[in-house]
*Asks:* 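The structure's right below; bear with me while I get my questions together.
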Amino acid sequence: MRLRAALRDAVVEVGGTAAAEQIDCGFSYGGAVTVARNAAQLARLERAAEKEQAWGDDVRVLDAAQAREHARAEGVLGGTYSPDAAVLDPLRLVRGLADVVQARGARVHERTRVRRVSPGAVVTDHGTVRTPRVVRAAGAWTCRLSGSRDVAPLVSTFVATEPLPEFVWAQLGFAAHETVLDARRLHVRVRRSDDGRLVAGGPAVPDLGVVERTGDPVGRLHRALTDLFPVLADVRLTHRWDAPLGLRRDGRPAVGYDADDGLAWIEGVGDDAAVANLAGRTVAALVAGTDDPLVHLPWVGHRSAAWEPEPVRTAGLVASRLADAWADRVDRWTAQRAARAGR
Ligand SMILES: Cc1cc2nc3c(=O)[nH]c(=O)nc-3n(C[C@H](O)[C@H](O)[C@H](O)COP(=O)(O)OP(=O)(O)OC[C@H]3O[C@@H](n4cnc5c(N)ncnc54)[C@H](O)[C@@H]3O)c2cc1C
């Protein structure tokens with residue numbers, strides 16, 4: 001419960017820091033809405049809300065009309081809402097933060113590939129940096145640096161539409177710049193950018209290096225989007241990219257620091273800037289040796305089992321995604337059959 005409270009606070013912290021440092025990253029504290037479009041999804045959301053409330057999260061169950069106030073998705077039966085979420089542009093945030101720390105004397109070396117991290121030294125393409133403390137925070141690329149099987153690289157495909165006129169936004173909702181998720185297991189996340197585009201991300205899938213050729217992720221995302229919001233059928237997708245993220249075997253992010261060898265690490269942060277922020281502040285306190293309440297949170301030093309060796313790891317991840325897709329289809333067919341029987 002302490003960790004979840006700290007994560008909720010981290011959302012405020014990110015927005016507060018961006019405001020205090022005058023970083024224009026499109027931060028908007030609009031909350032998160034998950035919409036259910038069949039009975040099985042709604043039941044699952046209600047069960048999840050109950051659990052999250054027991055953990056101290058502010059999650060409210062919405063009826064269809066309340067859910068549609070946030071997102072006018074097709075066929076919405078209900079949903080859940082949590083105020084503890086924000087949207088931002090992570091690239092503008094990270095560039096702004098880099099400017100701030102450099103103005104305070106830090107040195108940032110971009111385009112410098114780290115080959116190896118070891119106690120007291122970081123070996124890069126351009127030479128070796130000697131330092132008493134090293135923080136490894138390489139996201140999806142962690143395994144390449146740690147040489148272990150602690151983190152699996154996944155990738156989530158994103159698209160952005162052309163800027164949409166206000167009359168289209170009036171049909172979509174998103175008035176408070178909410179993050180909107182659909183309640184399928186292989187969900188789509190949708191948000192409004194501060195330049196009026198709709199940005200959508202698909203589920204994280206194993207990075208096979210062949211996403212482009214085999215999966216048609218953009219086509220799938222486009223179909224899911226127009227299914228949710230038919231008004232988008234003729235809207236142009238002007239941008240697409242793949243966002244890499246690292247997943248630990250138990251799905252939980254963690255941080256740690258070994259004072260003897262001076263190595264700190266952040267693993268499995270995934271796709272949440274608030275988690276990344278809390279991880280960064282926690283590691284800062286660990287490395288500085290301050291007795292901050294953050295260093296006593298339960299994710300500090302938490303070890304997960306290693307992933308299975310390849311190709312078992314990727315086969316397992318692909319199988320679990322296929323099982324999710326199948327279960328989503330069963331939910332939909334069951335709802336269609338119930339609707340036909342009720343007619
Ligand atoms: C389009 C988009 C929108 C998003 N919107 C939101 C949002 O609204 N709210 C939110 O909370 N989150 C959002 N996110 C997620 C957010 O960007 C991530 O949570 C955050 O970037 C994770 O930070 P990280 O430092 O853990 O990992 P990363 O940002 O992945 O950083 C890891 C870094 O390590 C570097 N690296 C790895 N290996 C090496 C090496 N060998 N040598 C040198 N450098 C290396 C990489 O280049 C990278 O810069 C969004 C992400 C995307 C893509």
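Heavy-atom basis, side chains included; hydrogens, waters and symmetry copies ignored. In each ligand, atom 1 is the first atom listed, and ligand 1 is the first ligand listed. One-based numbering along the sequence shown.
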*Asks:* Who's the nearest protein heavy-atom neighbour of atom 50 (C) of ligand 1, and how far?
*Replies:*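 For this ligand atom, the closest protein heavy atom is Pro90 CG, 3.4 Å.
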*Asks:* Considering only non-hydrogen protein atoms, determine which one is nearest to atom 40 (C) of ligand 1 and report residue, atom name and distance to 0.1 Å.
*Replies:* Val114 N, 3.7 Å
*Asks:* Out of Asp242, Asn277, Asp271, indicate the one that has the non-hydrogen atom closest to atom 13 (C) of ligand 1.
*Replies:* Asp271
*Asks:* Only heavy atoms of Val269, strictly under 4.0 Å: list the atoms of ligand 1 that pass.
*Replies:* 26 (O)
*Asks:* Testing Val199, Asp271, Asp242, Val218 one by one against Phe158 for a side-chain contact (heavy atoms from CB on, under 4.5 Å), which residue passes?
*Replies:* Val199
*Asks:* Among protein heavy atoms, which lies nearest atom 38 (N) of ligand 1, and at what distance?
*Replies:*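 Going by distance alone, atom 38 (N) of ligand 1 is nearest to Trp141 CB, 3.5 Å.
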*Asks:* Quick one: pull up NE2 in His70 and OG1 in Thr80 and give me the separation to the nearest 0.5 Å.
*Replies:* 10.0 Å
*Asks:* For ligand 1, which atoms, with element, lie under 4.0 Å from some heavy atom of Val87?
*Replies:* 8 (O)
*Asks:* Around atom 24 (P) of ligand 1, find the nearest protein heavy atom and jot down its residue, atom name and distance.
*Replies:* Ala276 CB, 4.5 Å
*Asks:* Using distance only, find each side-chain donor-acceptor pair of residues 159-173 under 3.5 Å and give its atom names and separation, not counting sequence neighbours.
*Replies:*
{"residue": "Thr161", "atom": "OG1", "partner": "Leu198", "partner atom": "N", "Å": "3.0"}
{"residue": "Glu162", "atom": "OE2", "partner": "Arg236", "partner atom": "N", "Å": "2.8"}
{"residue": "Glu166", "atom": "OE2", "partner": "Arg192", "partner atom": "NH2", "Å": "2.8"}
{"residue": "Trp169", "atom": "NE1", "partner": "Leu164", "partner atom": "O", "Å": "3.4"}
{"residue": "Trp169", "atom": "NE1", "partner": "Gly196", "partner atom": "O", "Å": "3.1"}
{"residue": "Gln171", "atom": "NE2", "partner": "Phe167", "partner atom": "O", "Å": "3.4"}

*Asks:* Starting from atom 8 (O) of ligand 1, find the nearest protein heavy-atom neighbour and note its residue, name and distance.
*Replies:* Leu88 N, 2.8 Å
*Asks:* Measure the spacing between OG1 of Thr179 and CG of Leu88 and express it to the nearest 0.5 Å.
*Replies:*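 Nearest 0.5 Å value for the OG1-CG distance: 9.0 Å.
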*Asks:* Pick from Arg113, Arg115, Arg111: which one makes a salt bridge (charged side-chain N to carboxylate O under 4.0 Å, His left out) with Asp125?
*Replies:*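 It is Arg115; the other options fail the test.
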*Asks:* Mind telling me whether Trp326 and Trp333 have parallel, tilted or perpendicular rings, with 30° and 60° as the class edges?
*Replies:*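 Answer is perpendicular, since the angle exceeds 60°.
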*Asks:* When you compare the side chains of Asp292 and Thr290, does any donor N or O come within less than 3.5 Å of an acceptor on the partner?
*Replies:* no
*Asks:* What are the atoms of ligand 1, with element, lying closer than 4.0 Å to any heavy atom of Ala243?
*Replies:* 53 (C)
*Asks:* What residue and heavy atom of the protein are closest to atom 1 (C) of ligand 1, and at what distance?
*Replies:*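 For atom 1 (C) of ligand 1, the nearest protein heavy atom is Trp241 CZ2, 3.1 Å.
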*Asks:* Tell me whether Glu46 at atom CD has more than 12 heavy atoms from other residues, nucleotides or ligands lying less than 6.0 Å away.
*Replies:* yes
*Asks:* If we set the cut-off at 4.0 Å for heavy atoms, which region of Thr112 has an atom near ligand 1: side chain, backbone, both, or neither?
*Replies:*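 Backbone only; the side chain of Thr112 stays clear of ligand 1.
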*Asks:* Residue-level breakdown please: for Ala273 versus ligand 1, do any non-hydrogen atoms fall below 4.0 Å on the side chain, on the backbone, on both, or on neither?
*Replies:* both
*Asks:* So if I count the atoms of ligand 1 from 1 in the order they appear, which ones are less than 4.0 Å from some heavy atom of Gly270?
*Replies:* 19 (O)
*Asks:* Below 4.0 Å, non-hydrogen atoms only: which portion of Ala140 touches ligand 1? Side chain, backbone, both or neither.
*Replies:*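 The answer is neither; Ala140 stays 4.0 Å or more away.
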*Asks:* Is a salt bridge present between Asp57 and Arg4, judged by a nitrogen-to-oxygen distance below 4.0 Å?
*Replies:* yes
*Asks:* If every non-hydrogen atom of Arg189 is compared with every non-hydrogen atom of Ser156, which pair is closest and at what distance?
*Replies:* NH2-OG, 3.8 Å
*Asks:* Could you see which bit of Ala138 sits under 4.0 Å from ligand 1, with heavy atoms only: side chain, backbone, both or neither?
*Replies:*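 Under 4.0 Å from ligand 1, Ala138 contributes backbone and side-chain atoms.
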*Asks:* At less than 4.0 angstrom from any non-hydrogen atom of Arg113, what atoms of ligand 1 do you find?
*Replies:*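 Going through ligand 1 atom by atom, the ones under 4.0 Å from Arg113 are 42 (N).
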*Asks:* I'd like the name of whichever of Ala137, Ala10, Ser28 reaches closest to atom 33 (C) of ligand 1 through any heavy atom.
*Replies:* Ala137
*Asks:* Considering non-hydrogen atoms of the protein only, which is the closest contact for atom 19 (O) of ligand 1, and what is the distance?
*Replies:*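 In this structure, atom 19 (O) of ligand 1 has Asp272 N, 2.9 Å as its nearest protein heavy atom.
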*Asks:* Measure Arg191 to ligand 1 on non-hydrogen atoms and call it side chain, backbone, both or neither using the 4.0 Å cut-off.
*Replies:*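 Arg191 to ligand 1: side-chain contact only, backbone stays beyond 4.0 Å.
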*Asks:* Can you tell me how far NE2 of His177 sits from CG of Asp194, rounded to the nearest 0.5 angstrom?
*Replies:*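 That separation rounds to 7.5 Å.
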*Asks:* When you measure from atom 28 (P) of ligand 1 to every protein heavy atom, which one gives the shortest distance, and what is it?
*Replies:*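 Among all protein heavy atoms, the one nearest atom 28 (P) of ligand 1 is Gly139 CA, 4.9 Å.
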